[in-house]
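Let me begin by presenting the structure, written as structure tokens, before commenting on it.
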Amino acid sequence: WSRDGQSCALSGGATAMIFLPAMRAANVDWNRITLFWADERAVPVDDPDSNYGLAERMLLSPLGAGAPRAIAMPANTPQLGQAALWYDDALATELKGGPLDLAILGVGEDGHICSLFPGHKALLVEDLRTVAIEDSPKPPARRLSLTMRYVLQTKRIWVIAIGARKLPVLRAALEKTSRSTPLDLLMRQAKDVTVFTDQTIHRR
């Protein structure tokens, strides 16, 4: 991250509890970084489920004046569709129509990434960078998420999979023995994916 204009999308949840402190301690010139979010829950920023709120507490506030620019997803609104369009435009404007430089993503035990769940219609959205989700199978139901089409354009993706319960879906994606999850799709089609895990993967 040595040149100007680097962009990074963050996820939330348990994964963020691990990587946000590491980011805070890293020797990074944050003035050159703009943070975006891979997904967000439609909750107030002080709600424990807020991805931005978690980053505010664990990264942005501790860094103080040295914190990076952060463009939050405006998910806490009755008009999620309009919020998705606003974030789509923010990404297009900030990145001049290009892709993200880096996305740091967690993965669920079901293989979901961002707020894109297996079999959900949000996976099919291809004409936007951001999608509004009103019926997430995991609460809270209302969310914003980057679209799979846009995630796949990202220059580098770091997938963080911590815990034994993530191992089956992770192994299937790495060995390309499954085609049923968003993680499978990511591992097959993304440009540059690095997986960080505390699990031992035995290649067959």
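What you are looking at is a predicted structure, and each value in this text was computed from that prediction instead of being measured.
Aromatic ring pairs are classed by plane angle as parallel below 30°, tilted from 30° to 60° and perpendicular above 60°; the pair Phe196 and Trp158 is perpendicular.
Ionic pairing of Glu134 and Arg143 is not present here: no N-O contact between side-chain nitrogen and carboxylate oxygen is shorter than 4.0 angstrom. Between Asp135 and Arg142, no side-chain nitrogen of the basic residue sits less than 4.0 Å from a carboxylate oxygen of the acidic one, so the salt-bridge criterion is not met. Salt-bridge formation is detected for the pair Lys155/Asp101: a Lys NZ or Arg NE/NH1/NH2 atom is positioned less than 4.0 Å from an Asp or Glu carboxylate oxygen.
Here CG of Leu152 is found 6.0 Å from CG of Leu186. Values are rounded to the nearest 0.5 Å. Taken to the nearest 0.5 Å, the OG1 atom of Thr130 stands 8.5 Å off from the CG atom of Leu85. Between the SG atom of Cys8 and the CG atom of Leu100 there is a distance of 8.0 Å, given to the nearest 0.5 Å. Here CG of Asp198 is found 11.0 Å from CD1 of Ile160. Values are rounded to the nearest 0.5 Å. Once rounded to the nearest 0.5 Å, the distance linking CG of Leu10 with CG of Leu105 reads 9.5 Å. Taken to the nearest 0.5 Å, the CG atom of Leu144 stands 8.0 Å off from the CD1 atom of Ile133.
Side-chain contact between Arg69 and Ile33 is absent, with no heavy-atom pair separated by less than 4.5 Å.
Proximity of a side-chain donor or acceptor of Glu40 to a complementary backbone N or O of Ser50 within less than 3.5 Å is not detected. A distance-only check finds no donor-acceptor pair linking the side chain of Thr77 to the backbone of Leu80 [under 3.5 Å]. Looking at Arg24, its side chain does come within 3.5 Å of a backbone N or O of Met58 through a donor-acceptor pair. Between the side chain of Ser136 and the main chain of Lys138, a donor-acceptor pair closer than 3.5 Å is present. Between the side chain of Arg149 and the backbone N or O of Glu126 there is at least one donor-acceptor pair closer than 3.5 Å. A donor-acceptor contact shorter than 3.5 Å links the side chain of Ser11 to the backbone of Ile104. Between the side chain of Thr154 and the backbone N or O of Val151 there is at least one donor-acceptor pair closer than 3.5 Å. Panel note: side chain Thr93, backbone Asp89; a donor-acceptor pair is recorded below 3.5 Å.
Side-chain heavy atoms closer than 4.5 Å link hydrophobic residues (I, L, V, M, F, W, Y) into clusters, and following such links, even through other members, never connects Phe117 to Val131. Phe36 is connected to Val45 through a chain of hydrophobic side-chain contacts under 4.5 Å among Ile, Leu, Val, Met, Phe, Trp and Tyr, so both are in one cluster.
Side-chain atoms of Ser145 and Asp39 include no donor-acceptor pair closer than 3.5 Å. Donor-acceptor pairing under 3.5 Å is recorded for the side chains of Thr181 and Asp184.
Nearest heavy-atom pair, Gly106 versus Thr15, reported as atom, atom and distance to 0.1 Å: CA-OG1, 3.5 Å. The two residues Trp37 and Ala72 come nearest to each other via the heavy atoms CE3-CA, 4.1 Å. Between Ile71 and Thr34, the closest heavy-atom pair is CD1-CG2, 3.9 Å. The shortest non-hydrogen separation linking Ala84 to Ala132 is CB-N, 3.9 Å.
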